[in-house]
Amino acid sequence: MPTDLETLLHLQEKDKAVLSIRRELDALNPEVEALDEALSEVEAELAAATAELEAASTVRKELENKIEGYRLMQERKRAKLEFVKGAKEASALMAELDLARSVMAQEETGWLKSADRVESAELRAANSKTAVEQVGEEQGPSRKDLEARRAECLARMEAATAERDEVRKKVAEPLLRRYERVRGGNAPFSLYELHGDACGHCFTHVPKHIQQQLINRNTIDNCQVCGVMLFVQPAVASE
Ligand SMILES: [Zn+2]
């Protein structure tokens, strides 16, 4: 039957395997982020272009409505002119028509400008759309490759986690709790081998009597400074 130390070391080995796959997975993130960033840049430009196009179209539509309103008003005035009898009233109406014509001419100039703006906004939006499509296409192979790598890592992760969980079951509950408590702390791992006469993690000197206990009784003791579980390999201990 394996000793507590052997079982714990086995568990730590499995935990290290899981952690190393976790790191591989994490290492994929910057690559995904770089792709996302490049894509969101062109997407932001498309959103801005679309907003500009909408605004320009609204202005154009408003001007069209306004001009149409003037046109109807002109028509009514012209119709009225036919029935006007007095010369004074007729000349007043003519003056109104003249004024309205010049206002309308101004609005029409404005409409031409707004139509130009719509046209250039349409061009910008079309170009942005092409850019988004292009970037999406260019990124296709990289994204596929990243996805495949992630899937491969996840499959290994699943296997490694299952193996780790199997080993966990073999560790006595209080010992497992001790092990997990250290692992959740500042040290990346729980078990550290005695390094000469010092803790293998924080390299603080370990009192002689504890060193002796670790060697002679093959026990696991926590470092009094950093708290990791200290051990001596049985092979070394038997020398
Ligand atoms: Zn220590």
Side-chain angles (χ1 to χ4, degrees), residues 1-48 128-195 198-204 214 220-223 225-236:
M1 198 176 152
T3 62
D4 282 350
L5 176 60
E6 281 164 348
T7 317
L8 271 188
L9 281 173
H10 194 198
L11 176 58
Q12 175 151 289
E13 200 183 288
K14 297 296 173 192
D15 271 329
K16 277 183 179 173
V18 169
L19 186 72
S20 125
I21 302 170
R22 164 66 40 215
R23 285 192 179 135
E24 275 184 67
L25 276 167
D26 288 347
L28 297 178
N29 289 343
E31 291 184 52
V32 177
E33 278 160 23
L35 290 177
D36 286 348
E37 207 173 300
L39 187 61
S40 70
E41 220 168 88
V42 284
E43 277 173 346
E45 164 57 17
L46 176 58
S128 313
K129 194 161 173 272
T130 308
V132 169
E133 283 163 2
Q134 242 168 24
V135 170
E137 240 168 71
E138 279 164 15
Q139 289 189 350
S142 308
R143 286 202 188 264
K144 231 174 155 178
D145 171 58
L146 276 165
E147 218 23 76
R149 278 153 70 196
R150 183 183 299 284
E152 187 268 333
C153 276
L154 286 174
R156 270 191 292 130
M157 176 68 104
E158 202 181 321
T161 309
E163 275 182 39
R164 193 265 320 265
D165 291 347
E166 267 317 298
V167 179
R168 262 175 79 105
K169 286 182 199 156
K170 294 175 190 157
V171 185
E173 193 55 46
L175 197 59
L176 186 62
R177 270 205 301 277
R178 240 176 101 191
Y179 171 87
E180 291 296 352
R181 200 163 45 235
V182 179
R183 215 164 69 93
N186 295 325
F189 302 108
S190 303
L191 293 156
Y192 284 82
E193 198 171 352
L194 194 68
H195 187 85
C199 163
H201 177 245
C202 71
F203 299 103
T204 305
L214 292 174
I220 305 161
D221 211 327
N222 290 72
C223 167
V225 177
C226 72
V228 302
M229 297 167 98
L230 290 170
F231 71 95
V232 173
Q233 284 287 3
V236 176

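Here the structure is a predicted model, which means the values were calculated and not measured. Any value given below was found using the heavy atoms of this structure, including those in side chains, with hydrogens, waters and symmetry copies removed.
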Candidate pair Val32 and Arg150, rule side chain to side chain contact (heavy atoms under 4.5 Å, CB included), full reasoning = CA-CA 11 Å; Val32 177; Arg150 183 183 299 284; 3.8 Å; yes
Does any part of the side chain of [Y], heavy atoms only, come nearer than 4.5 Å to the side chain of [X], both counted from C-beta?
{"X": "Leu176", "Y": "Leu11", "result": "yes"}
{"X": "Met229", "Y": "Asp221", "result": "no"}
{"X": "Gln233", "Y": "Leu9", "result": "yes"}

With rounding to the nearest 0.5 Å, note down the distance linking [atom1] in [X] to [atom2] in [Y].
{"X": "Leu35", "Y": "Leu39", "atom1": "CG", "atom2": "CG", "result": "8.5 Å"}
{"X": "Glu37", "Y": "Glu41", "atom1": "CD", "atom2": "CD", "result": "7.0 Å"}
{"X": "Leu175", "Y": "Ser190", "atom1": "CG", "atom2": "OG", "result": "10.0 Å"}
{"X": "Glu193", "Y": "Leu214", "atom1": "CD", "atom2": "CG", "result": "10.5 Å"}
{"X": "Leu230", "Y": "Ile220", "atom1": "CG", "atom2": "CD1", "result": "10.0 Å"}

For the pair [X] (side chain) and [Y] (backbone), establish whether a donor and an acceptor sit closer than 3.5 Å, ignoring hydrogens and angles.
{"X": "Ser40", "Y": "Glu43", "answer": "no"}
{"X": "Glu6", "Y": "Thr3", "answer": "yes"}
{"X": "Glu163", "Y": "Lys14", "answer": "no"}

Please give me the minimum heavy-atom distance between [X] and [Y], naming the atom from each residue.
{"X": "Ala160", "Y": "Ile21", "result": "CB-CD1, 3.8 Å"}
{"X": "Cys153", "Y": "Leu25", "result": "CB-CD2, 3.6 Å"}
{"X": "Leu191", "Y": "Leu5", "result": "CD2-CD1, 4.5 Å"}
{"X": "Gln139", "Y": "Ala38", "result": "NE2-CB, 3.7 Å"}

Pairs meeting criterion side-chain hydrogen bond (donor to acceptor under 3.5 Å, both in side chains) with involvement of residues 17-26, two or more places apart = Glu24-Arg156
Just one of Arg164, Arg168, His10 clears the side-chain contact (heavy atoms from CB on, under 4.5 Å) bar with Asp15, so which one?
-> Arg164
Passing option when Phe189 is tested against Leu19, Val228, Val182 for side-chain contact (heavy atoms from CB on, under 4.5 Å) | Leu19
Are [X] and [Y] close enough for a salt bridge, meaning some N to O gap below 4.0 Å?
{"X": "Glu173", "Y": "Arg177", "value": "yes"}
{"X": "Arg149", "Y": "Asp145", "value": "yes"}
{"X": "Arg143", "Y": "Asp36", "value": "yes"}

Could you tell me whether Glu158 atom CD has more than 12 heavy atoms of other residues or ligands within 6.0 Å of it?
-> no
Do the ring planes of His201 and Tyr192 sit parallel (below 30°), tilted (30 to 60°) or perpendicular (above 60°)?
-> tilted
Before giving the answer on side chain to side chain contact (heavy atoms under 4.5 Å, CB included), spell out for Val171 and Arg178 the whole-Å C-alpha distance, their side-chain angles and the decisive distance to 0.1 Å.
-> CA-CA 11 Å; Val171 185; Arg178 240 176 101 191; over 6 Å; no
List the steps, then state whether salt bridge (charged side-chain N to carboxylate O under 4.0 Å, His left out) holds for Glu147 with Lys144.
-> CA-CA 5 Å; Glu147 218 23 76; Lys144 231 174 155 178; over 6 Å; no
